[in-house]
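Once you've had a glance at the structure underneath, I'll fire off some questions.
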Amino acid sequence: MAAKLDRIFDSFSNKSLFENKFVLQTSYTPKNIPHRDKQIEQVAGILAPALRGERTSNLFVYGLTGTGKTLSVQYVADEMMNRAKKNSLNLKMQYLNCKLRKVSDTEYRILAELIRKLGGDIPSTGLPTEQVYNKFIDIIEGEKKLFILVLDEIDQAVKKISDGFLYNLTRLNSELNKSQISIIGISNDLNFLQNLDPRVKSSLSEEEIVFPPYNAIQLQEILKDRADKAFKEGVLEDGVIAKCAAYAAREHGDARRALDLLRISAELAEREEKNKVKIEYVDKANEKMDKDKIVDVVESAPKQFQLVLLSIMTLTDAKDSRIFTGEVYNVYHDLCARIKTEILTQRRISDIIAEMDMLGLINARVISKGRHGRTREIKLSIPEKVAGRIKNIMHESLGV
DNA sequence: CGAGATTCATGTGAAGTATACCTTTAGGCTTAA
DNA sequence: AAGCCTAAAGGTATACTTCACATGAATCTCGTA
């Protein structure tokens, strides 16, 4: 065993394909952002008044995942902060990703997280929401400043909560005396604005910028740029980058995905102690990414979700016809009885199934079976290759 | 035979409940002057 | 008297339950051709 480990460690330290892996990670902020010059200029143009101490317009940024929205905004923000520091302007920016699980569920949690990031302290529950607002205002009003709030994945937040939250935020300015606040909303959902309360819509999107997806060629350039820094000389086989770019271009030009693909391909190659990244590793990486995502969701899901999912999977195996809510509930019921867990009502299970549909674990749609009532028709949307693994995880965590 | 009426199995909304936290407040005890 | 601790009182959020009503097409009913 020890010898084997030695070998693994040796190969790891000696033959690493990476020069600097960090460059490929999502947290890395490159110095130049290719093909986004125009958007960056626009953002900068809109935010520039802040450097003169004026309030900036609220800004709304669209674009699919991995089109460089967050990166560009953060880039501009960083530059501005530098500038502001030099001119000793009291400018403050705060970035918040609304999608993080611990944050996303409620208005309360978003505000609480925001306050924590600003150095305040707020309990995780118990306070009236209004008091949390007051605390937030207190912090901002602490000293005179311009405050720019960047809300990433804002559509997620609104989907979970309501747009009342945004309404409150946009109105916040009228309650502020010394300071002023501007909001930058970043959204993946292009239709997001249309479903918004008109009042919110007009005040939030004083300015709008759209980030178009990258095409395959642009993706290749981005990848090459980073690959040069990330990898040692000549470890990439020809066409690896092209293939990563192609895969990602198929997924609406998602640069993040392209970079992940490249990194994971190389990691796989490294693990097999190869000294070159071959094209087939890209395929493997692609599969692995899908799989990891699902595993992640399932692992972090609450127990009752897992039980319901397990019921659905059992049913999928048992019969090849369509699956309905009632059947799932029966199986779930038995399962709970078997492992002595409390049994939730069918009403709740119905909601859980709807939520799992949102998570993309299953595919459920409401159908009417005429005389035989209305129900959801449920289909598992976990690939078979991953299903086994998922089942193991659940068996383990549930102790079935 | 075809237009309505009926029906089933569950979707869906609203309101209520239990639990887990949180702050505030008031009483009681300790402490220092 | 001031300070500190503790327990009770009064809030809220969240996950869930209960109740009640809404749905929508297969099936049934019945009048008519």
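Given the structure is predicted, the values throughout are model-derived calculations rather than measurements.
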Report each atom pair, protein N/O against N/O of nucleotides 23-26 of chain C, whose distance is under 3.5 angstrom.
{"from": "dT23(C)", "atom 1": "O2", "to": "R374(A)", "atom 2": "NE", "distance (Å)": "2.7"}
{"from": "dG24(C)", "atom 1": "N2", "to": "G370(A)", "atom 2": "O", "distance (Å)": "2.9"}
{"from": "dG24(C)", "atom 1": "N3", "to": "S368(A)", "atom 2": "OG", "distance (Å)": "3.4"}
{"from": "dA25(C)", "atom 1": "O4'", "to": "S368(A)", "atom 2": "OG", "distance (Å)": "3.3"}
{"from": "dA26(C)", "atom 1": "O4'", "to": "R371(A)", "atom 2": "N", "distance (Å)": "3.1"}

Less than 4.0 angstrom from a charged side-chain N to a carboxylate O is my criterion; do D292(A) and K288(A) meet it?
yes
Tell me the closest heavy-atom pair linking L89(A) and A50(A), and the distance in Å.
CD1-O, 3.8 Å
May I have all residue pairs that pass side chain to side chain donor-acceptor pair (under 3.5 Å) and include part of residues 35-51 of chain A, sequence neighbours excluded?
H35(A)-E221(A)
Within residues 340-348 of chain A, the residues having a heavy atom closer than 4.0 Å to DNA chain B are Q346(A), R347(A)
Find the distance F305(A):CZ to dA15(C):C1' and express it as a whole number of Å.
10 Å
Atom pair distance, as rounded to whole Å: CD in E327(A) and C1' in dT10(B):
13 Å
Check whether the side chains of D152(A) and T70(A) place a donor and an acceptor atom closer than 3.5 Å, and report yes or no.
yes
Rounded distance (Å) that lies between atom P of dT10(B) and atom CD1 of I323(A)
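Whole-Å distance recorded here is 14 Å.
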Exercise: do T65(A) and H252(A) side chains pair donor with acceptor under 3.5 Å:
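Judged by distance alone, the side chains do pair up.
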Applied to residues 373-390 of chain A, the side chain to side chain donor-acceptor pair (under 3.5 Å) test, sequence neighbours excluded, yields E287(A)-K385(A), R322(A)-E377(A), T325(A)-T375(A), S350(A)-R376(A)
Sort and list the pairs that fulfil salt bridge (charged side-chain N to carboxylate O under 4.0 Å, His left out) and have at least one residue in residues 62-89 of chain A, not counting sequence neighbours.
none
Could you tell me whether the phosphate oxygens of dG11(B), OP1 or OP2, come under 4.0 Å of any side-chain nitrogen or oxygen in T325(A)?
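So the side-chain polar atoms of T325(A) do come within 4.0 Å of the phosphate oxygens OP1 or OP2 of dG11(B), strictly under.
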Rounded to the nearest angstrom, tell me the gap between atom OH in Y329(A) and atom P in dG11(B).
12 Å
Could I get the full list of salt bridge (charged side-chain N to carboxylate O under 4.0 Å, His left out) partners for D357(A), not counting sequence neighbours?
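D357(A) satisfies salt bridge (charged side-chain N to carboxylate O under 4.0 Å, His left out) with no other residue.
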Separation of D357(A) atom CG from dG11(B) atom P, in whole Å?
12 Å
